[in-house]
Novice: 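Below are the structure tokens for one structure; questions will follow.
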Amino acid sequence: MKILVINAGSSSLKYQLIDMETEEVLAKGLCERIGIDGHLKHSPLVGGKPVFNEDLPLPTHSEAIAAVIDKLTSAEYGVVSSMHEIDAVGHRVVHGGEKFACSVKIDDDVMAALEECTPFAPLHNPANITGINACRAVMGDVPMVAVFDTAFHQTMPGKAYMYAVPYEYYQNDGIRRYGFHGTSHRYVSSRCAELMGKPIEELKLISCHMGNGSSICAIDHGKCVDTSMGFTPLVGLPMGTRCGDLDAGVIQFLMNKYGYSIDEMLNILNKKSGVLGVSGVSSDFRDLDAAAERGNDRARLALDMFHYWVAKVVGSYVAAMNGVDAIIYTAGVGENSAETRAAISSYFGYLGVEIDPVANSKRGEDIMISTPDSKVKVFVIPTNEELVIARDTRDIVA
Ligand code: AMP
């Protein structure tokens with residue numbers, strides 16, 4: 001069975017074609033500047049075919065999907081001989097609200113429910129819906145599945161997901177913590193259980209997804225019980241450009257003082273804050289490491305804040321679960337920055353965590369970076385959201 005995994009943004013569309021017998025990625029690619037002019041980078045990963053990397057007109061997502069299918073099936077760049085070899089399509093959808101606690105096969109009712117979730121993710125869900133509609137238009141009755149970033153967090157208890165605001169805002173408007181990166185937290189936690197050789201139902205795990213956006217998730221016996229992102233992906237840890245937790249009073253103060261509109265204020269909190277805002281240097285942790293090394297105090301402060309926040313949230317989840325068996329680092333920063341992992345882990349002496357510096361210096365593989373004697377194990381596990389989407393799609397269409 002071959003499954004096409006699609007992640008549609010407002011002007012971009014990422015894809016992978018995965019052979020589910022071997023879980024091998026046959027080809028992957030990225031359409032960019034959809035609706036502006038258009039560019040497609042298509043990389044076949046089997047059969048020694050060349051990479052296609054050119055501008056081509058992509059006025060809408062339908063032309064983008066058609067171009068992807070064309071490349072996947074072409075003699076020169078293709079990895080399958082016709083579209084009929086693609087058995088199903090898995091779509092990443094950012095927000096499933098309270099309607100979707102797991103992945104679902106897409107039909108007209110699901111599409112209507114997705115539209116109802118759009119006010120919760122006004123930037124992301126419309127792009128995901130456009131991608132699904134384009135695929136349905138181009139690929140006809142090929143079965144399709146929606147996999148939600150929020151679904152894994154739907155097991156949180158009320159005490160973790162409620163905000164302490166008047167209850168009717170939850171009841172009437174759905175105001176609550178939803179959490180994001182659920183597909184990533186789900187993948188790394190189940191992989192961690194495999195690496196520990198134990199059923200996930202016997203483990204207390206904390207996964208730290210640290211990339212451009214960052215979130216932490218407490219997974220108690222296989223179920224998410226808390227996570228650091230909230231109603232939107234703006235809160236929790238300070239991130240590349242997002243502010244993380246912030247007193248709402250600051251918003252009122254700054255809007256009054258500088259006359260910002262709410263859109264201007266949110267743009268500052270989403271795009272100009274986080275480690276970029278504090279350091280004034282960059283949102284990229286490589287640049288921050290380099291600047292801190294050169295003695296830039298604000299870069300050092302931004303990094304210190306990030307490490308401190310991760311440690312603080314992890315500590316709160318140890319308390320929430322009354323213990324932890326393993327801590328997982330994943331995503332761009334978590335997978336690549338040995339310095340970040342060491343700095344965060346240095347807070348975990350009270351848990352009996354001991355890091356093996358040699359293991360911690362390795363890259364790109366699933367690895368335990370704690371010593372064999374460490375009371376709580378620490379792992380680096382590269383995330384693979386596409387594989388989760390493909391597996392769910394296979395399981396649902398089969
Ligand atoms: P992601 O959102 O998971 O793709 O992560 C992207 C982020 O990972 C980048 O913005 C960088 O901050 C970070 N990153 C990637 N490689 C490294 C590295 N070697 N050291 C530190 N941070 C890195």
Side-chain angles (χ1 to χ4, degrees), residues 5 7 9 12-16 25 28-30 32 41 43 92 94 123-124 149 152 179-189 191 207-217 227-229 232-244 270-294 296 298-307 309-310 328-346 355 357 359-367 369 379-389:
V5 175
N7 181 355
S12 68
L13 186 145
K14 272 194 236 162
Y15 63 94
Q16 285 191 3
V25 181
K28 64 178 183 178
L30 172 64
E32 286 179 295
K41 180 170 184 189
S43 307
R92 176 193 181 213
V94 168
L123 296 180
H124 294 101
D149 275 17
F152 184 60
F180 298 86
H181 294 142
T183 318
S184 173
H185 291 299
R186 194 175 130 206
Y187 174 78
V188 298
S189 57
R191 186 79 191 105
S207 74
C208 308
H209 178 112
M210 306 186 295
N212 234 329
S214 297
S215 71
I216 305 191
C217 184
T227 192
S228 60
M229 282 180 168
T232 71
L234 181 60
V235 298
L237 311 168
M239 306 179 213
T241 61
R242 286 175 241 167
C243 61
N270 270 300
K271 304 262 173 70
K272 298 184 178 169
S273 299
V275 292
L276 167 69
V278 173
S279 68
V281 171
S282 172
S283 62
D284 192 308
F285 282 70
R286 287 164 288 201
D287 300 337
L288 292 175
D289 283 337
E293 191 95 333
R294 291 194 303 270
N296 183 315
R298 276 172 52 190
R300 182 74 266 152
L301 174 64
L303 288 168
D304 287 348
M305 283 173 69
F306 182 77
H307 304 154
W309 264 93
V310 174
I328 307 154
Y329 296 124
T330 192
V333 181
E335 291 165 28
N336 293 303
S337 174
E339 296 81 6
T340 302
R341 295 190 298 259
I344 295 168
S345 303
S346 70
I355 297 296
N360 188 36
S361 67
K362 297 201 172 140
R363 260 217 194 156
E365 52 182 309
D366 295 339
I367 189 167
I369 60 167
F379 290 86
V380 177
I381 301 179
T383 195
N384 196 340
E385 290 159 283
E386 291 80 10
L387 186 57
V388 175
I389 295 173

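From a predicted model like this one, the values you see are computed outputs, not experimental measurements. The first residue of the sequence shown is numbered 1, and numbering continues consecutively from there. Every number for a ligand or one of its atoms is a count from 1 in the order of the listing.
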Novice: For the backbone of I216 and the side chain of S228, can you confirm whether one donor and one acceptor N or O come within less than 3.5 Å of each other?
Specialist: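 Checked: pair present.
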
Novice: Would you say the side-chain atoms of S345 and Y329 include a donor-acceptor pair closer than 3.5 Å?
Specialist: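 Checked: S345/Y329 side chains pair up, N/O donor to acceptor below 3.5 Å.
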
Novice: Let me see the working for E293 and E339 under side chain to side chain contact (heavy atoms under 4.5 Å, CB included), right down to the final yes or no.
Specialist: CA-CA 12 Å; E293 191 95 333; E339 296 81 6; over 6 Å; no

Novice: Rounded to the nearest 0.5 Å, how far does OG1 of T183 lie from CG of L387?
Specialist: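 Rounded to the nearest 0.5 Å, the CG-OG1 separation comes out at 11.5 Å.
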
Novice: Among side-chain atoms of S215 and H185, is any donor-acceptor pair under 3.5 angstrom?
Specialist: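 Indeed, the side chains of S215 and H185 share at least one donor-acceptor pair under 3.5 Å.
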
Novice: With the criterion set at N/O pairs under 3.5 Å, what does the list of contacts between the protein and ligand 1 look like, atom names and distances included?
Specialist:
from     : atom 1 : to   : atom 2 : distance (Å)
ligand 1 : 2 (O)  : N212 : N      : 2.9
ligand 1 : 3 (O)  : G332 : N      : 2.9
ligand 1 : 8 (O)  : V333 : N      : 3.4
ligand 1 : 12 (O) : D284 : OD1    : 3.3
ligand 1 : 12 (O) : F285 : N      : 2.8
ligand 1 : 16 (N) : N336 : ND2    : 3.4
ligand 1 : 19 (N) : R363 : NH2    : 3.2

Novice: According to ring-ring contact (aromatic ring centres under 6.0 Å, His included), who are the partners of F285, at least two apart in sequence or on a separate chain?
Specialist: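 Partners of F285 by the ring-ring contact (aromatic ring centres under 6.0 Å, His included) criterion, ordered by chain and then number, come out as F306.
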
